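So the structure is just underneath, and the comments pick up after that.
Treat the numbers as computed from the prediction; the structure is a model and nothing was measured.
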Amino acid sequence: MEYLVNSRQMKMADQYTIQEKGVLSLTLMERAAESCVRVMDELGMDLSRPCVVCGSGNNGGDGFAIARLLAERGKEVTVFLVGNSSSCTEETKHQMRLLKETGTQILEGYESGDYSLIVDAIFGVGLGREIIGRYVQVIQQMNEADAQKFSVDLPSGISADHGAVMGIAFQADVTVTFQTTKLGLALYPGKRYAGKVFVEDIGIDLTKAEKDSNLTYAYEREDYRKLLPIRRADSNKGTYGKVLVIAGSKGMAGAAYLNAYAAYMAGAGLVQIYTAEENRVVLQQLLPEAIVTTYDLYDQGELLRLLKWADVVCVGSGIGTTEKARKILRATLENVRVPCLVDADGLNLIAAHKKYLDALSVDDLVFTPHMMEMSRLTDLTIEEIRSSRMDVIKSFADQHRLTCVLKDARTVIASKGRKASVNLSGNASMAKAGSGDVLSGIIAGLMAQGMEGYQAAVLGTYLHGRAGDLARERKGTYSVMARDLIEFLAGAWNELEE
């Protein structure tokens, strides 16, 4: 697994390494600088006219050390200190003295020039406030420069905790970060500002940070492979579970189709769709493998019979928010006794009737909101959620004892009593109607095979995103449709099975 640390956890790791393991802070600084210059060399970056812009903290110290290494090679380095010289840390002051010994001048402020490379070493991971004052103009000028751009540890202005832009941020082509990926580099817009990210081992001990209950991580391919449900040779359709898909109001057959088809492609043994009568014919034609049961008027007896039949229930996609839909959702939540996933209109109905949250009694419940649906559920603005998404999703999952899959450019998954994870697969081609319906079907199909909700959400979100990556490779960024995600799901499965 790859750990995604926030600023507090990284500070914890730094202090543990220095105070408990006895590694000098200056030693770490030297290693950081050396790794940055090595990456510059490996990428063939133009070092003919480098400019290094430093702050007064230890990120600035890294920058001064980088400038010294370049100067020792005979490079004519332009170096600026944009922080307050009286506020420099002792390590940074030491690096400034060493740099001056090479004959390199340290200039105050920042001036535009004909630079081949601009190195951003102003703030790093410690930034906890919005950038104001002269720093705004400096970063704007750096961004406007016609030069390659390189950030040390984290682009200045990006929050290490949630990837948000703190007023303004440096737009890097390359970022070298130390020891492990910062959470703000994995989440958007931080990921976009970081450019290509290289993680360099400089000897920081993460032992203490890894024990933090709020640590976030990303699964790697081998981790996903270990989650694969077993397919036995002596099995039948009943072995892999029965999924009840409650989806699709009049004119919304597509939502039910994508749910059910994805559940089958995720490995479920049998899928039954409960939908509006108007959708029967089209669904029978599109997906003859599914059982189709329909309603015209609300029939609680029929719904309860279907709930008893199911091993997993997937409810909400395209059901609408009418009174009929509300009754169906409420009866489902009050009577379901098997793992249940709620998506789309199901979440919108819950948001409009929050008392339903208090009546949830399912032991294994998964919610799959996108940002707007999460906003309705929590009464927070989308911006408030994005600026503290890890805290919001963990609090929501803990309070309601469920697994929450918060869909965004980087989907985050949290469950009560577990560390949150960030899914790193997927791309912008998937931003199409129906994509969320496919994800819900995949997760429900995995749950039908005996996977508990959190693991099904983690694996399902990866498979969904990876199918999107494979679809983009074949069809390009603009032409991927939701149904393509299901078709390319087989390729994502095959990669893990290999």
Side-chain angles (χ1 to χ4, degrees), residues 14 17-18 22-85 87-125 138 141-142 145-156 170 172-179 195-204:
D14 282 338
T17 302
I18 295 166
V23 180
L24 296 177
S25 178
L26 282 171
T27 299
L28 296 176
M29 194 171 280
E30 287 295 322
R31 293 173 183 171
E34 289 167 0
S35 68
C36 286
V37 174
R38 183 173 61 253
V39 170
M40 292 175 189
D41 287 337
E42 291 172 353
L43 295 178
M45 302 188 84
D46 187 351
L47 302 178
S48 59
R49 301 178 308 281
C51 170
V52 184
V53 186
C54 304
S56 56
N58 279 357
N59 192 247
D62 294 339
F64 288 120
I66 290 169
R68 187 190 79 245
L69 293 176
L70 295 176
E72 289 172 348
R73 291 187 181 187
K75 307 296 183 184
E76 294 186 9
V77 190
T78 303
V79 184
F80 292 105
L81 172 64
V82 296
N84 190 331
S85 58
S87 302
C88 289
T89 64
E90 290 304 314
E91 293 88 348
T92 299
K93 290 177 182 177
H94 179 77
Q95 293 293 354
M96 293 171 71
R97 289 193 292 269
L98 292 179
L99 175 60
K100 289 177 180 178
E101 290 175 5
T102 69
T104 302
Q105 185 180 5
I106 300 175
L107 305 173
E108 296 285 336
Y110 174 79
E111 294 181 6
S112 299
D114 184 21
Y115 308 123
S116 64
L117 173 70
I118 295 179
V119 178
D120 156 43
I122 302 176
F123 290 118
V125 302
V138 167
Q141 288 178 295
M142 291 165 67
D146 183 17
Q148 292 178 299
K149 299 181 177 68
F150 185 103
S151 279
V152 180
D153 210 14
L154 190 79
S156 291
F170 183 71
D173 298 308
V174 174
T175 296
V176 169
T177 196
F178 308 123
Q179 211 58 46
K196 188 169 181 60
V197 176
F198 294 84
V199 181
E200 293 291 313
D201 185 345
I202 63 171
I204 297 174

Output side-chain donor-acceptor pairs under 3.5 Å for residues 103-112, partner residues at least two apart or in another chain, one line each.
| from | atom 1 | to | atom 2 | distance (Å) |
| --- | --- | --- | --- | --- |
| Thr104 | OG1 | Thr102 | OG1 | 2.9 |

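Within the 4.5 Å cutoff, the side chain of Lys149 has no heavy atoms near those of the Met142 side chain. Looking at Asp14 and Ile204, their side chains come closer than 4.5 Å, going by heavy atoms from C-beta outward. In this structure, Val138 and Phe80 have side chains that are not in contact, with every pair of non-hydrogen atoms separated by 4.5 Å or more. The shortest side-chain heavy-atom distance between Arg97 and Lys93 falls under the 4.5 Å cut-off. Annotation: side chain of Met40 is in contact with side chain of Leu47 (closest heavy-atom distance under 4.5 Å). No side-chain heavy atom of Pro50 sits less than 4.5 Å from a side-chain heavy atom of Tyr115. Contact check for Asp173 versus Phe150: no side-chain heavy atoms found under the 4.5 Å cut-off. Contact annotation: the side chain of Met96 approaches that of Leu81 to within less than 4.5 Å [non-hydrogen atoms, C-beta and beyond].
Closest approach of Ser156 to Gly124, counting heavy atoms only: OG-N, 4.2 Å. Of all heavy-atom pairs between Ile66 and Cys36, the closest is CD1-CB, 3.7 Å. Considering every non-hydrogen atom in both Leu154 and Thr175, the closest pair reads N-CG2, 4.1 Å. Closest heavy-atom contact between Ala147 and Ile118: CB-CG1, 4.1 Å. Nearest heavy-atom pair, Asp120 versus Ile122, reported as atom, atom and distance to 0.1 Å: OD1-N, 3.3 Å. For the pair Phe170 and Pro155, the tightest heavy-atom approach, listed with the atom from each and the gap, is O-CB, 3.4 Å.
Distance SG/Cys51 to CG/Asp114: 11.0 Å, rounded to 0.5 Å. Of the inter-residue distances, the one linking His94 atom NE2 with Glu90 atom CD reads 11.0 Å to the nearest 0.5 angstrom. Here Ile202 contributes atom CD1 and Arg31 contributes atom CZ; the two are 7.5 Å apart, rounded to the nearest 0.5 Å. With values rounded to the nearest 0.5 angstrom, Asp46 atom CG is found 7.5 Å from Leu117 atom CG. To the nearest 0.5 Å, atoms CG (Leu99) and OG1 (Thr92) are separated by 12.0 Å. Annotation: the span from Glu76 atom CD to Arg49 atom CZ amounts to 10.5 Å, rounded to 0.5 Å.
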Determine, stepwise, if the pair Ile18 / Val23 fulfils side-chain contact (heavy atoms from CB on, under 4.5 Å). CA-CA 5 Å; Ile18 295 166; Val23 180; 5.5 Å; no
Could you go step by step and tell me if Phe178 and Val152 meet the side-chain contact (heavy atoms from CB on, under 4.5 Å) rule? CA-CA 9 Å; Phe178 308 123; Val152 180; 3.8 Å; yes
Are Leu43 and Phe198 close enough, and set up right, to give a side-chain contact (heavy atoms from CB on, under 4.5 Å), and what steps lead you there? CA-CA 11 Å; Leu43 295 178; Phe198 294 84; 3.7 Å; yes
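Environment of CG in Asp146: sparse, with no more than 12 heavy atoms of neighbouring residues, nucleotides or ligands closer than 6.0 Å.
Sorted by first then second residue, the side-chain hydrogen bond (donor to acceptor under 3.5 Å, both in side chains) pairs that include residues 53-63, not counting sequence neighbours, are Asn58-Thr89.
For Glu91, the salt bridge (Lys or Arg N to Asp or Glu O under 4.0 Å) test picks out no residue, with sequence neighbours left out. Applying the side chain to side chain donor-acceptor pair (under 3.5 Å) criterion to Asp41, with sequence neighbours excluded, gives Arg73. Take Glu200 and apply the side chain to side chain donor-acceptor pair (under 3.5 Å) test, not counting sequence neighbours, and it matches Arg38. Applying the ring-ring contact (aromatic ring centres under 6.0 Å, His included) rule to Phe123 yields the partners Tyr135; only residues at least two apart in sequence or on another chain are considered.
Residues Asp201 and Gln179 have side chains that bring a donor and an acceptor to within less than 3.5 angstrom of each other.
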